[in-house]
Amino acid sequence: MAETAELNLPGGQSISLPIFEGTEHEKAFDIGKLRDATGYVTLDSGYKNTGATKSAITFLDGEEGILRYRGYPIEQLAEKSSFLEVAYLLIYGKLPTETELKDFSGHITKHTLVHEDIRKIFDGFPSATHPMAILSSLTCVLTGFYPDSLNPNQSTEEIDLTIVRLLAKMSTIAAWTYKNSVGHPLNYPRNDLDYCANFLYMMFSFPTEKYEVNPVIVSALNKLLILHADHEQNCSTSTVRLVGSANASLYGSVSAGINALWGPLHGGANQEVIEMLEAIERDGGDTSKFIAKAKDKNDPFRLMGFGHRVYKNFDPRAKIIKVAADEVLKALGLQDSPLLKIAQELEQAALTDQYFIDRKLYPNVDFYSGIIYKALGIPTEMFTVMFALGRLPGWIAQWKEMRENKEPIGRPRQIYVGETERDYVGIGERA
Ligand code: ACO
């Protein structure tokens, strides 16, 4: 007989809640019938204890510092795989055969061009528009070029085409966002280059010069994108699933996810990390002063790039990125950069400080990714765009899974704490 949990409520009421156990032995009790049976709902601000879905995509154990995509350890994927192979794995649930990967990559390469009207839309954005705002707007605008994507009853083949288009066009849009922000001509994609090399070409080449793709940079970018590719039910992914649960299109759902990722407590932290390191440098480089500020409860300052909602151990992605950061900086001759020195000092100080030890605050993925992006020549405002590019396969996989599971529209309950019923008072009679 299936295990149950007994919930005893005031007034002698009680209910047996079925226990559900995942493949990695995570346990939950199912409250699906709780309100109908008892009138109670659960209250869980920030969803810290709520499993919103059953998912077969990513497993993470924050206590042990484990992250696996479809069962494969992140360490192995970062070392041996490519970003598009990982994208295929996340979206379709298995590692592709050679032919499947060739077809998938070939399709993506074929769809990297975006409609010429997208170029015109760039002209309408105010010059101060943040790249994440442009990325989210233009991702949503793809619905205008592919209106069939709005049909919630698209066939599997049609959905696959939408997926390929999104993966292909987002890299072009992301690179153009940067080029447009600095007033450079926009580069068309090159089909002879692989995904990462083509992205770097679109970002950094000029029509006036021959662009040499640096293999160290391509490899670092590949690794970074793999490490960001999925992270189960984080804020932006939950947003994508929630928006998608209303039968919104993939483009619209991902566009909403981009906005969630932009927040400084989520993906926006990578930009904030570099800004923080630069602020420390401008201030004279005394890291202890900033550690003290982070510990001061009367000071809103937080050490950006430290702490994580689920990792109460070293973020496994941060471990890999840290090594990659050392390699990239060395290969580019930037190992003596003052920002790197500040980052290392901050990391050491925080790892040995009781405040951070007690709260299990370790450096997270954003702490090092910003350092690599900076070394690669990617401007700070584009860091979160890079994160979005990496997270895209995860968002797509989660949206697809949500639809395939035929999940109902997401609609949390609340506990109302406002005024109880009262009569309308005419404007002249109000105190
Ligand atoms: N610096 C200083 N203190 C911190 C930090 C930090 N970066 N992070 C958490 N704390 C402290 C809190 O003040 C709190 O202390 P208290 O218990 O004495 O009140 C305790 O640690 C727990 O913090 P919470 O905010 O309750 O933890 P939560 O799980 O809600 O937040 C979060 C996690 C948002 C990531 C938080 O650690 C943070 O703000 N970090 C900085 C921003 C950042 O790097 N975000 C990127 C996360 S990774 C990602 O999204 C890809």
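Positions are given from 1, in the same order as the sequence printed here. Every number for a ligand or one of its atoms is a count from 1 in the order of the listing.
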Among all protein heavy atoms in this structure, tell me which lies nearest to [atom], with the distance rounded to 0.1 Å.
atom	value
atom 29 (O) of ligand 1	R309 NE, 2.9 Å
atom 42 (C) of ligand 1	M304 CE, 3.4 Å
atom 13 (O) of ligand 1	K297 NZ, 2.9 Å
atom 41 (C) of ligand 1	F306 O, 3.4 Å
atom 47 (C) of ligand 1	N364 ND2, 3.6 Å
atom 26 (O) of ligand 1	K48 NZ, 4.2 Å
atom 48 (S) of ligand 1	H308 CD2, 3.5 Å

- Item | Sub-4.0 Å protein heavy atom near atom 22 (C) of ligand 1 |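 False for atom 22 (C) of ligand 1.
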- Indicate whether atom 50 (O) of ligand 1 is within a distance of less than 4.0 angstrom of some protein heavy atom.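 Yes.
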- Pick, from L303, L265, N234, the option with the minimum heavy-atom distance to atom 34 (C) of ligand 1.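 It is L265 whose heavy atom sits nearest to atom 34 (C) of ligand 1.
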- Query: Which residue from R359, R317, K360, R302 reaches closest to atom 12 (C) of ligand 1 through any of its heavy atoms?
  - Reply: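 The nearest heavy atom belongs to R302.
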Close-contact set for ligand 1 against [X] heavy atoms, below 4.0 Å:
X	answer
Y355	2 (C), 3 (N), 4 (C), 11 (C), 13 (O)
G305	43 (C), 44 (O)
A269	43 (C), 44 (O), 45 (N), 46 (C)
G307	35 (C), 37 (O)
D366	46 (C), 48 (S), 49 (C), 51 (C)

With a 4.0 Å cut-off on heavy atoms, does [X] reach ligand 1?
X	result
F301	no
F387	yes
E272	no

Is the contact between [X] and ligand 1 made by the side chain, the backbone, both, or neither, using heavy atoms and a 4.0 Å cut-off?
X	answer
L361	side chain
F367	neither
K295	neither

To the closest 0.5 Å, what do you measure between [atom1] ([X]) and [atom2] ([Y])?
X	Y	atom1	atom2	answer
L89	L77	CG	CG	6.5 Å
C235	Y47	SG	OH	9.5 Å
I217	I372	CD1	CD1	11.0 Å

Identify whether the distance between the nearest side-chain nitrogen and carboxylate oxygen of [X] and [Y] falls below 4.0 Å.
X	Y	result
R302	E272	no
K223	E79	no
K54	E407	no
D336	K341	no

- Message: Taking the side chain as everything from C-beta on, heavy atoms only, tell me whether F306 gets closer than 4.5 Å to D366.
- Response: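 Not touching, per the 4.5 Å side-chain cut-off.
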- Query: With a 4.5 Å limit on heavy-atom distance, are the side chains of L200 and N214 in contact?
  - Reply: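 Result no, sub-4.5 Å side-chain heavy-atom pair not found.
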Using 30° and 60° as the class boundaries, would you call the ring planes of [X] and [Y] parallel, tilted or perpendicular?
X	Y	result
Y362	F314	tilted
Y311	H308	tilted
W262	H130	tilted

- Name of the residue among Q398, R70, R391 meeting side chain to side chain donor-acceptor pair (under 3.5 Å) with D230: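 Answer after filtering Q398, R70, R391: Q398.
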- Checking side chain to side chain contact (heavy atoms under 4.5 Å, CB included) against V365, which of I320, D315, N270 comes through?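 Going through I320, D315, N270 one by one, the side chain to side chain contact (heavy atoms under 4.5 Å, CB included) with V365 is satisfied by D315 alone.
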- Message: Are any of the N/O atoms on V365, whether in the backbone or the side chain, positioned under 3.5 angstrom from an N/O atom of ligand 1?
- Response: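 Among all N and O atoms of V365, none is under 3.5 Å from an N or O of ligand 1.
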